[in-house]
Colleague: 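There's a structure below that I have some questions on.
Predicted model only: the values in this text are computed from it and were never measured. In what follows, every chain begins at residue 1, and chains take the letters A, B, ... in the order their sequences are listed.
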Protein chains: 4
Amino acid sequence: MSSESIRTAVVGASGYSGQELLRLLLMHPVVDLAAVTSRQEAGRPLADVFPRIRGAAKIAGLEFIEPDIDAIAATGARCAFLALPHGVAYEFAAGLLEKGIRVIDLSADFRLNDPAVYAEFYGGDHPSPELMREAVYGLPEFRADEIREARLVASPGCYPTSILVPLLPLVKAGLVEANSIAVSSVSGASGAGKKADASLLFAEVNESVRAYGAPKHRHLSEIEQELSLAAGKPVRISFVPHLMPVTAGICTTIFCETTGNETLSGAIGETYAAAYGDAPFVRVLGENRFPDTKHVTGTNHVDIGWVEDRRTGRLILFSVEDNLGKGASSQAIQSFNLMFGLPETTGLLNY
Amino acid sequence: MSSESIRTAVVGASGYSGQELLRLLLMHPVVDLAAVTSRQEAGRPLADVFPRIRGAAKIAGLEFIEPDIDAIAATGARCAFLALPHGVAYEFAAGLLEKGIRVIDLSADFRLNDPAVYAEFYGGDHPSPELMREAVYGLPEFRADEIREARLVASPGCYPTSILVPLLPLVKAGLVEANSIAVSSVSGASGAGKKADASLLFAEVNESVRAYGAPKHRHLSEIEQELSLAAGKPVRISFVPHLMPVTAGICTTIFCETTGNETLSGAIGETYAAAYGDAPFVRVLGENRFPDTKHVTGTNHVDIGWVEDRRTGRLILFSVEDNLGKGASSQAIQSFNLMFGLPETTGLLNY
Amino acid sequence: MSSESIRTAVVGASGYSGQELLRLLLMHPVVDLAAVTSRQEAGRPLADVFPRIRGAAKIAGLEFIEPDIDAIAATGARCAFLALPHGVAYEFAAGLLEKGIRVIDLSADFRLNDPAVYAEFYGGDHPSPELMREAVYGLPEFRADEIREARLVASPGCYPTSILVPLLPLVKAGLVEANSIAVSSVSGASGAGKKADASLLFAEVNESVRAYGAPKHRHLSEIEQELSLAAGKPVRISFVPHLMPVTAGICTTIFCETTGNETLSGAIGETYAAAYGDAPFVRVLGENRFPDTKHVTGTNHVDIGWVEDRRTGRLILFSVEDNLGKGASSQAIQSFNLMFGLPETTGLLNY
Amino acid sequence: MSSESIRTAVVGASGYSGQELLRLLLMHPVVDLAAVTSRQEAGRPLADVFPRIRGAAKIAGLEFIEPDIDAIAATGARCAFLALPHGVAYEFAAGLLEKGIRVIDLSADFRLNDPAVYAEFYGGDHPSPELMREAVYGLPEFRADEIREARLVASPGCYPTSILVPLLPLVKAGLVEANSIAVSSVSGASGAGKKADASLLFAEVNESVRAYGAPKHRHLSEIEQELSLAAGKPVRISFVPHLMPVTAGICTTIFCETTGNETLSGAIGETYAAAYGDAPFVRVLGENRFPDTKHVTGTNHVDIGWVEDRRTGRLILFSVEDNLGKGASSQAIQSFNLMFGLPETTGLLNY
C-alpha cells in the first residue's frame, strides 16, 4: 500500500453487506484496511470466516477485532464503513465522528431527515436528530457535491436505490404523476441478511416466490422522502417487495401515470440522457428494453429500461441492480471515492 | 381400467403441458389413455421420452403416435386434450369434434370470442369464428355449468388464471375500479415451453430475473376479455410478466383502486368467501397473508391473499399457482371432470 | 375414512421428513390421522404450519399435540411413525410399543444391531440393546417378510438406501469386491433438516457444491452393516457425501472392482432383473444409462444404471432417489403397507 | 491504453469461455482488444451481445468481426485466444502462427501429444502432428518455463485442471498408487456451452443431478496423459462427470490408494506446500477441510483439501474451481501473462 493509501475501517463485517464491502475493498487500489470488526468473530483471521478472500495480500495477518471506538480510532483510520444492524449504527457513528473519522453508514439509522417519519417506520425516538439532519443521503448520482463534503453519509437501501434511480429524473422533470406510482420489486435472498432463520433456508427459498412486507416496508420511508423532495410535494406510493431464489439481484418494475397526453418517447429518453449521460454506473438501455439482474450482479451498475403502455396511458419503468452492490456496498464505496477526492469509479469498474 | 373408464387422447404431448397432463392422467382413476401423439416422438415408447413415468401400468406398451385425426378417432377416444402450439390446435379441434370427440384445448386458439381481438393479438384471421364462439372459456370456478355441456373447452392461459381468480369476484361486485388495474407477475421457466432456445438455458435463467413481453403480452387479450365481461364495460389493464429461476410457479401481484371510500376489509373477505367458499381449489388465505408458490406447485390450487394499502387507497392482491397445474394441465382436467359428470376433484387432490 | 381405516400417529412432524410423511399420508387411502405431534407447534392447526396441505379433508380440525405417549395411545393409534431426532426416538419407541402400538422409526436409533458400532458412530451406550436387536431394518426390497411381522421397523437413512439398493444384489451374488467400494453421493439441502443454521441459508447453498462429513459420516455404519451381512464378511467402504443446491434428491455414484475377469454385462443386468423384477419401486434403467434425480423427486422410486469401465476393470453404478421419499418418508410408508397387509404400493404410485 | 499495451484478439467469442475471456480482459491492465470474432455475431457491437459489459471503455466502438486470419493479423494483434469448438481451432492456430501471432487455444485440439490417443478420443487423424508436438500444455503451476517461451499454448480442460492440480504433486512424489484413482466431479451448466439444446434448458437442469459421459469422457485423455508423465508409467483412471444446477463451478472428489503404510498426514501437506507454496492461485486448505465452489467462482483459484480414510487405507482429495475461470478463461490469461513477461497475477487478483 502506498503512502497515499487511506486507512479505513469496516465495522460489523460478518453479514452479507460487510462481506461484500471487504471483497470490494480488497480490489480498491487506495484503501488500506485498518480494522475489521465483528463481535461474534473477534479474534479470528478474516480468511477463516470468509474463505473466498483467503490469500489476499491486503488481509495478511488481519483478524476481526471487537467493535470498539477507541480501538478503531487507534488504528489511524480516516474513514469507517458501518455495516451494522439498524439501531446499532448510530452509537458508532457518533463516537467515530467525535474522533474525527468520517463515516459511511449502510444501515437505515441516518437515511431519514424527519424524526416523526423515523418514529413511524422504525419505532421509538431517534437518539440523535442533529446527526440525522447532518447526514447526507448517499445517492451519488444526485448528491455528489454534498457527499464530497460530508462527515456522515447515510448510504441508501437496496430497494430505494433501484426505485429512485429510474424515478427521480422523471419526477423532477414533472413527467410522471408522483402519487400514481406503484412498485413491484423482487429481490435475492442475500437481501434478508446472514441470519439463522429457518424461513430463509435453501429448501424454503428455492422453488418459491412470495411477496412480503407490504404495504408498509421500512424502505418506503426513504423512498417517499426522496420522491417528495423531487416532486416538491408529499408523495405516497405503493410498494411490494418479493423474495425470489437468487443469491443477489433486485429487479424493480414501476407503474406510473404520465402528466401529459402527448407521446412521451422522446421526453423519457432525453430526460434520462440529461440525468445520466455522465453517470458511470447508470446504464440507460432505452425504450422497450428489459434489463436483467444477471448483467449487473457483482457490479455497481443500475440498468434501466421502459415501455410506454399507450393502451392504458401508463409508463412502466424497469431497473436492475445487485442488492449488495449498487444497493449497498459498492454504492457506499462510490461515496467513499467522492469523499476522498478520488475518481468516482476507483476500484468499481467491474463487469 | 374398469369398463366405466373414459378413453382419452393427449394430442401434442412432448412439451411441458403435455408432459404434466400425462403425469396427472396416470393418477386419474377414470381415465384410460387411448392415444398419445407427438410428431417428433412418434414410434417411441412413452417411458423413453419421459423417464419419470417409466413403469406406470397405464402406459405399459404405449407408444407415441403421429397426430392424425382418423387414428385418434379409431382408438375410441371420447375426449382429447390438445397441448399443441397456438395456431396448430384449431385444425385438430375441428376434426376431432366432427368425429364426435369432445375437445379440451390448452392453446390460445379458442380463448377469445372476438375475431378482431384475435387478429390484433395473434395476427391473421381466425380460421373458425363459429368454433371460437362455441368454445367455453374453461375457468371452472366461473363457468362450471357451460363446461359441463361443452363440446369444446378453451382452457385458460397460465397468467390469466392467476390474475382472473383474484380479480373476477371483486370486479363483478364492483369493489375495484377495473381500469386502475396494474399487474406484475413472475413465472417459472417451464412457462416458456420445452424449446431449444439459448436464452432459456440454465446458465441464462439461473441467477437472473427480467421483465419481458410488456406492454402487450398475448395473454392480455383474454384477461381483458374476461374482466370486461365481469365489469360490464371495456377494461384495459397494464400487465408485466417476468421470468425467474424456478421451474414452476407463478406469483402475481395486482395493484388496483377501490371504488368506495369506506374501509373494505370486510367486503373483500366476504366477497371471496361467497365466490370461493365451495371452490375446492381456491384457497383464500386472508388479509395480510402472502401466498407462496412453493405451496401450490404440483397441485391445482390457487392461493389468494391481499393487503389494503390505506396510505394510498389502493388494494393489493396476491395469488400463486403452478403455471403447469392450475395454469394449464390440472385445470384442463378439472374441466374434463365436469364434462364427464365426475366430481370436480377427481384425480386432483394432490398436496 | 372407512371403518377399515388404520389410525396412525406421526410423532415429531415439524421437520422435513415429518412434513413429507404428512403430505403422503393425506393421499393414502387407508390411513386415518389419529395424532400429529410437535413440541414446538403444539396447539397450532396443521394447515397453519404447513400451508401446502391447507384444506385437505383429512386434517380438518387437526392440531399439533405435545408428544406424549399416553395421549397418543388414547387416540387409538395402531401405528406410529417417529420423525424425531436421533437419540430422542428410542424413548417414544419403547413407550409406544408397550402400549401395543407398532412403530416405524425414521431416526437412526434402531438401525444398527451391534451396540459397539452404535457407540462408535453415535457416541454413548444404546439405552435399549434388546429393542435394537428386535428392530427390523426397513428396506422392503430385502426384508419384506420380517417387516410384515415387525413391531418395530428402523427405516433406513437416505444415503444408505441409495447405496444399498444398487449394491446389495451384486454383493450377495459375489460379483463385486466388497472392500473395493468407494461412493460419492450428492444430496439436496432438505437432507440437512429444517434447522435454523446459517450455513444452510439459501445464499450459502445456492451456487455452491461441497463435500462434507468424510471419511466417517454416521450413515456409513448402517451401510457397512448391511453390506457385511450380504458379503458374509466384514466390509469397509469409502463414502463422501456432498451438499448441492437442489431441494430434494440424492445422486449416488459407486466405484467398485469386479471379482472376475470375464465381461460382466450379462451378469449385472441379470442379477438386477432377478432382484428387482417384481420390485415396484426399483427401476433398472440398464447399462450405459444415467439416472436423473428430477425423475424420482416426490416419488418412492430408486432408478439404477451402470457402466462397465473396461479400461480400468471397474464397475460404476449410479442411483437416484428422493432423499425425503425412498430415502425417508415414502419408504417408511412402504413398510407400513407391508405391516398392515396392504398392497406394497398403496398410496405410493406417484409420478 | 498505454503504448506498452499488448494488442490481443479473441477468436470465437460468442460462447461462455469467450464471454468470460472478454469480461476478464476488460479488467486486464495491459491488454488492448485488437479484434473479437464471431461468425454468428459479426457486425454487431459487443455490448449488444453481452449486455453485462456495456459501457466498458475498452470496447467502445468495437464490433464482432468475421473470424478471418488476415483480418486478425491486420489489426496488429500479437496474441490470439481461440475459444472455438474442438476441431475448428487448429486451422486458426496454424494460420495465426504463420503470421507471427502467438496463440492460446482453449479447445482440445492441441492438448494431446500422441496422435493415436487423439484419434481414439476425438476421432480421425490430427491434421497437424507437428503443432500437436510443439504445443505446450498450459498448466502454469507445472509448465511455467515452457509457457513463457511457447508460440502455441493448449490451455487445459476444466475437469482436467480440477483433477490434475490436486493429483500431480502426489503422483510425482510417488505417494499415491496412480492406477487406483477414481474421480467423481460435478460441474455447473456453463460447462456444457451456450448451445440451444433442450436438455440444457433451465427446467431440465434445475432440481436435477445426473452423471453423464462415463466411462470415457474426452477429457480423460489429457488427464491420463499428464498423470502418466508424472508417474513415469502408463496410468488409467476412472472418471465420472455429473451435471448439477449451478451456473459455474466444478467440485472434484478423488479416491486413491497410498503407496505406503505409514500415516501420511505430514507427507501430503508437505508435498502440497512444496508444490504450491509460491503458486498464487492454488490455495491448500489442509487436511479435513472441504473446499466449496462458491468461494472460487469468478476467480482463478483452485482450493484443495483432503481426508485420510484410515479405515480403508484410502486418501480422498477434494478440489474446487470455476470451470470458466481456472478451468478455462482465467487460466488462459495466466499463460498469457507468462508469455508476455508480466507478473503471473496481472489482472487476475479477483475475489
Colleague: Using only non-hydrogen atoms and a strict under-4.5 angstrom cutoff, which residues of residues 240-248 of chain C touch chain D?
Modeller: V240(C), H242(C), M244(C), P245(C), V246(C), T247(C), A248(C)
Colleague: Taking the side chain from T293(D) and the backbone from V209(C), do they hold a donor-acceptor pair closer than 3.5 Å?
Modeller: yes
Colleague: Looking at A214(C), G249(C), S238(C), which makes the most heavy-atom pairs under 4.5 Å with chain D?
Modeller: S238(C)
Colleague: For R314(C), is it the side chain, the backbone, both, or neither that has a heavy atom closer than 4.5 Å to a heavy atom of chain D?
Modeller: side chain
Colleague: Roughly how far, to the nearest 0.5 Å, is the CG atom of D303(C) from the CZ atom of R210(D)?
Modeller: 13.5 Å
Colleague: Can you tell me which of I250(C), N206(C), D292(C) forms the most heavy-atom pairs within a distance under 4.5 Å of chain D?
Modeller: D292(C)
Colleague: Heavy-atom pairs under 4.5 Å with chain C - which of I237(D), T297(D), N288(D) has more of them than the others?
Modeller: I237(D)
Colleague: Sub-4.5 Å heavy-atom contacts with chain C: which residues of residues 178-188 of chain D show up?
Modeller: N179(D), S180(D), I181(D), A182(D), V183(D), S184(D), V186(D)
Colleague: I need the residue from R289(C), E257(C), K294(C) with the largest number of non-hydrogen atom pairs under 4.5 Å to chain D.
Modeller: K294(C)
Colleague: Which residues pass the salt bridge (Lys or Arg N to Asp or Glu O under 4.0 Å) test with E207(C), not counting sequence neighbours?
Modeller: none
Colleague: How far apart are the closest heavy atoms of A211(D) and C251(C), and which atoms are they?
Modeller: N-SG, 4.4 Å
Colleague: Output the option from K216(D), H295(D), E204(D) having the highest count of non-hydrogen pairs under 4.5 Å with chain C.
Modeller: E204(D)
Colleague: Working to the nearest 0.5 Å, report the span between CD1 of I316(C) and CZ of F239(D).
Modeller: 10.5 Å
Colleague: What residues of residues 219-230 of chain D make heavy-atom contacts with chain C at a cutoff under 4.5 angstrom?
Modeller: L220(D), E224(D)
